[in-house]
Engineer: 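Before anything else, here's the structure in question.
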Amino acid sequence: MTLPDGSVLEVPAGSTAAQVAERIGRRLAQAAVAARVGGELVDLSTPVDQATTVELITLDSPEGIQILRHSCAHVLAQAVLRRYPQAKLAIGPTIEDGFYYDIDFGQPFSQEEFSALEEEMRKVIQEDLPIHREVHPRQEMIRFFQERRQPYKVEILQEITDPTVSIYRQGEFVDLCRGPHLPSTGRIKAFALLSVAGAYWRGDEKRPMLTRIYGTAFPTAAELQEHLRRVEEARHRDHRRLGRELGLFAVSDEVGQGLPLWLPKGAAIRRTLERYIVDLELRAGYEHVYTPPLARTELYKISGHWDHYRENMYPPMKVDDEELVLRPMNCPHHIMVYKQAQHSYKELPVRIAELGLMHRYERSGVLTGLARVRGMTLNDAHIFCRPDQIKDEFLRVVRLIQQVYQDLGFHDYVYTLSLRDPADTHKFVDNPLMWETAERVVREALDELGVTYRTDVGGAAFYGPKLDVDVKSVAGKYETISTVQVDFYLPERFQLEYIGADNQPHRPVMIHRGVISTMERMTAFLIELYGGAFPAWLAPVQAVVLPVADRHQTWAQQVLARLQAEDLRAEVDGRDEKLNRKIRDAEVQKVPFMLVIGDREVENGQVAVRQRGKGDIGSIPAATFVERLARLVRSRRLDLDLDRV
RNA sequence: GCUGGCGUGGCUCAGUGGUAGAGCAGCGCACUCGUAAUGCGCAGGUCGUGGGUUCGACUCCCACCGCCAGCUCCA
């Protein structure tokens, strides 16, 4: 057989992966947890003598760690059954950074029971039970799990079509599983149970809610500790925490859930973003409008939202003879803007943009700080174009997105093209020709851009295919920030027209697009991305002037005035506190620049510049600093290096 | 909405079936200070809300509201 390094190894007939490892070396044999044979992961106990290639998997590889965690999930299940023999096991997969097991305890289960459970798991690990794979006829296993009163396992088995299935046995514990697994439970060195939460069986709200226990495992205790430390550190970047600590936004019970208040400093960030994106869009040929956040219910009946989206809308209110609703999106208003005039084919595309205030009723459990709210302002636009312009407009939007991401410092993002599920005529507008055309044009545009994308069948909007751009957050999750949607449907609903070269009316196509998402979500994202330490152009306070003593106040105020004259956001910390204290507070508030002013600076018309996170970088004339900071801000550089501007 | 947890001054958190505590923040006074917290003092809470149990509830029970983790949902 061939090894990964290209060498060839002869082994006796019937040799297992473990024996191959032994032949290669004792250290490897001890470290190996599984093997990859012909591209497939298998247990060490698998005979591999017929294989052409064998690669041994250790805990140094991502696959090895996954196997470790998967086996740890089994140990958890085993411990659960020892302590709760009546528990019904559902599924126990690995996830990024850990694993979970869904279990029906038939009674409330709380996190307080973790320590006892962990104790039992440690026993299972100490027993060092060998883990065996067995393959049996599926029907036999259905009976087997019926006898063991494991209905969820039976249900899974009933949906499997293979004639045989594999199970894994460790001591008295048996689980239905594809594997592979560690050779024995004793190989688990470091694990922890983390949290407990409810999860619907099969992810279906209408099915029973199970108890999901989350845990994780690492090759060594040190790595586990390191992971727990990282999780703790991530908590400090949480935008809700930073939002309070830095005075950016607040949510108040009196105002209502999901209805955040933008405090002055958060508003400064938002205003900066708004001015930035509006200017950029104006340059890109968009026309910005203002339309009201309310409309007659009728408008949404025409658009179809009333039928398809009502559960996410606030209920209507009756005023005089009108019935009004808070708008959940801006498209109908923008359509009405388009309809205010006749349009010639020569003036298309018409790009109507707005920072549109919308309200959506979101279920209470999903509300999260600024990231998920009920009242939000979307960086929205609707492009009305001819069918032959779709591809070009689509390209222009994606390029705009790419530029914005560069300015905001987003480097890690993925494109997802969401298509309809042709079988689901309930969710998606039933018009196959329309869908096929839209999907083809979008694919062509993406190919032309040369971007790689994944596809999500069934993820489209009800009116057309969409491209989502998901940006990797600090937490490692990808969050949808931008979206581009082709829509052949609303123009039909609203009877939109343009006059073609043939002097006949034609139907335009709409492209819905959001580049920087809602102001709320984007701000939340940026807070976490930068951990509150914003680049200068976004920082709510760009410089704080720190007079050393009272006699320096006058010059401090003059420096402030010069900063403000250049539209820089600055403050004077005139409190009766020592310099050290003012510096500490400014650092904690993550202000990019601190300008210390004492006798020397007053005398020379200078400021002693201290850069956030770096310290004293020397004194320069106040005018020089103002000019450099203004340039830095204008350049939208992501670093604070004043010498490079 | 569902499961579990949590709710004590602006913030972070102690605490207990028998008259509510600390630190930070705030206010006052003193210090006038050179690169990450000056000192002293003062004030501030119907212990989320509403019921119930009890001689007595912040503590125990119930309901509701909100927050957190996750699920579900997400045009």
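Source: prediction; values computed, not measured. Per chain, numbering begins at 1; letters A, B, ... match sequence-line order.
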Engineer: Partner lookup for B:G50, please. Criteria are Watson-Crick or G-U wobble with both distances under 3.5 angstrom; report none if nothing qualifies.
Structural biologist: B:C62
Engineer: Now, which nucleotide makes the Watson-Crick or G-U wobble pair with B:G56, with each of the two distances under 3.5 Å?
Structural biologist: none
Engineer: For the side chain of A:Val596, starting at C-beta, report the closest nucleotide among B:C71, B:A36, B:U35.
Structural biologist: B:U35
Engineer: To the side chain of A:Arg240, which of B:U32, B:G4, B:A69 is closest?
Structural biologist: B:A69
Engineer: So, are A:Arg454 and A:Asp456 salt-bridged, with charged N and O less than 4.0 Å apart?
Structural biologist: no
Engineer: Please confirm whether the shortest side-chain N or O distance from A:Arg581 to OP1 or OP2 of B:U32 is below 4.0 Å.
Structural biologist: no
Engineer: What integer number of Å spans the C1' atoms of B:A43 and B:C60?
Structural biologist: 34 Å
Engineer: Provide the Watson-Crick or G-U wobble partner of B:C71, both distances under 3.5 Å; none if there is no partner.
Structural biologist: B:G1
Engineer: Should A:Arg360 be listed as having a side-chain N or O under 4.0 Å from OP1 or OP2 of B:C73?
Structural biologist: no
Engineer: Suppose you measure atom P in B:G9 against the same atom in B:G52; what distance do you get, rounded to whole Å?
Structural biologist: 25 Å
Engineer: Determine whether any donor atom in the side chain of A:Arg610 lies under 3.5 Å from an acceptor atom in the base of B:A36, or the reverse, and answer yes or no.
Structural biologist: yes
Engineer: Walk me through whether A:Gln606 and A:Arg600 qualify under side chain to side chain contact (heavy atoms under 4.5 Å, CB included).
Structural biologist: CA-CA 8 Å; A:Gln606 294 194 325; A:Arg600 292 194 294 275; over 6 Å; no
Engineer: Which whole number of Å gives the distance between the P atom of B:G15 and that of B:A57?
Structural biologist: 22 Å
Engineer: Mark yes or no for a side-chain to base donor-acceptor pair under 3.5 Å between A:His305 and B:A75, with no hydrogen or angle criteria applied.
Structural biologist: yes
Engineer: Could you tell me the Watson-Crick or G-U partner of B:U16, where both distances fall under 3.5 Å? Say none if there is no partner.
Structural biologist: none
Engineer: Pairing check on B:C40: which nucleotide meets the Watson-Crick or G-U wobble criteria with it, both distances under 3.5 Å?
Structural biologist: B:G28
Engineer: Among the candidates B:U38, B:U3, B:U72, find the nucleotide nearest to the side-chain atoms of A:Met209.
Structural biologist: B:U3
Engineer: Could you measure between the two P atoms, the one in B:U53 and the one in B:G45, and give it in whole Å?
Structural biologist: 30 Å
Engineer: From C-beta outward on A:Ala608, which listed nucleotide comes closest to its side chain: B:A36, B:U32, B:G34?
Structural biologist: B:G34
Engineer: Report the residue from A:Val441, A:Val442, A:Ile383 that forms a side-chain contact (heavy atoms from CB on, under 4.5 Å) with A:Phe394.
Structural biologist: A:Val442
Engineer: Does B:U35 have OP1 or OP2 under 4.0 Å away from a side-chain N or O of A:Asn580?
Structural biologist: no
Engineer: Quick check for you: among B:A25, B:C73, B:G1, whose closest atom lies nearest to any side-chain atom of A:Arg372?
Structural biologist: B:C73
Engineer: Taking 4.0 angstrom as the limit, do A:Glu520 and A:Arg372 come out as a salt bridge?
Structural biologist: no
Engineer: When you get a sec, tell me which of B:A36, B:G66, B:A75 is the closest nucleotide to the side chain of A:Gln257?
Structural biologist: B:G66
Engineer: Provide the distance between the two P atoms, one in B:G21 and one in B:C6, to the nearest whole Å.
Structural biologist: 25 Å
Engineer: Regarding A:Trp201 and A:Glu155, do their side chains bring together a donor and an acceptor under 3.5 Å, going by distance alone?
Structural biologist: yes
Engineer: Give the intermediate values and the outcome of side chain to side chain donor-acceptor pair (under 3.5 Å) for residues A:Gln611 and A:Asp616.
Structural biologist: CA-CA 6 Å; A:Gln611 185 182 316; A:Asp616 192 352; over 6 Å; no
Engineer: Quick check for you: among B:A69, B:C33, B:U72, whose closest atom lies nearest to any side-chain atom of A:Ser195?
Structural biologist: B:A69
Engineer: Between B:C71, B:C33, B:G34, which one does the side chain of A:Tyr214 approach most closely?
Structural biologist: B:C71
Engineer: Quantified in whole Å, what is the C1' atom distance between nucleotide B:A30 and nucleotide B:G48?
Structural biologist: 41 Å
Engineer: Counting only side-chain heavy atoms from C-beta out, which of B:G4, B:G70, B:C71 sits nearest to A:Ala197?
Structural biologist: B:G70
Engineer: If we take the P atom in both B:G17 and B:G7, what is their distance in whole Å?
Structural biologist: 16 Å
Engineer: Atom CG of A:Asn312 and atom P of B:C74: how far apart are they, to the nearest Å?
Structural biologist: 8 Å
Engineer: Verify the contact: side-chain N or O of A:Arg244 to OP1 or OP2 of B:U12, cut-off strictly under 4.0 Å; return yes or no.
Structural biologist: yes
Engineer: So if I take every side-chain heavy atom of A:Ile583 and compare against B:G34, B:G70, B:A36, which nucleotide ends up nearest?
Structural biologist: B:A36
Engineer: With C1' as the reference atom in both, quote the distance from B:C68 to B:A20 in angstrom, rounded to an integer.
Structural biologist: 26 Å
Engineer: Does a side chain donor of either A:His334 or A:Glu354 reach within less than 3.5 Å of an acceptor in the other side chain?
Structural biologist: yes
Engineer: For B:G1 and A:Ser364 - does any side-chain N or O of the residue sit under 4.0 Å from the phosphate oxygens OP1/OP2?
Structural biologist: yes
Engineer: According to the Watson-Crick and G-U wobble definitions, with both distances under 3.5 Å, which nucleotide is paired to B:G34?
Structural biologist: none
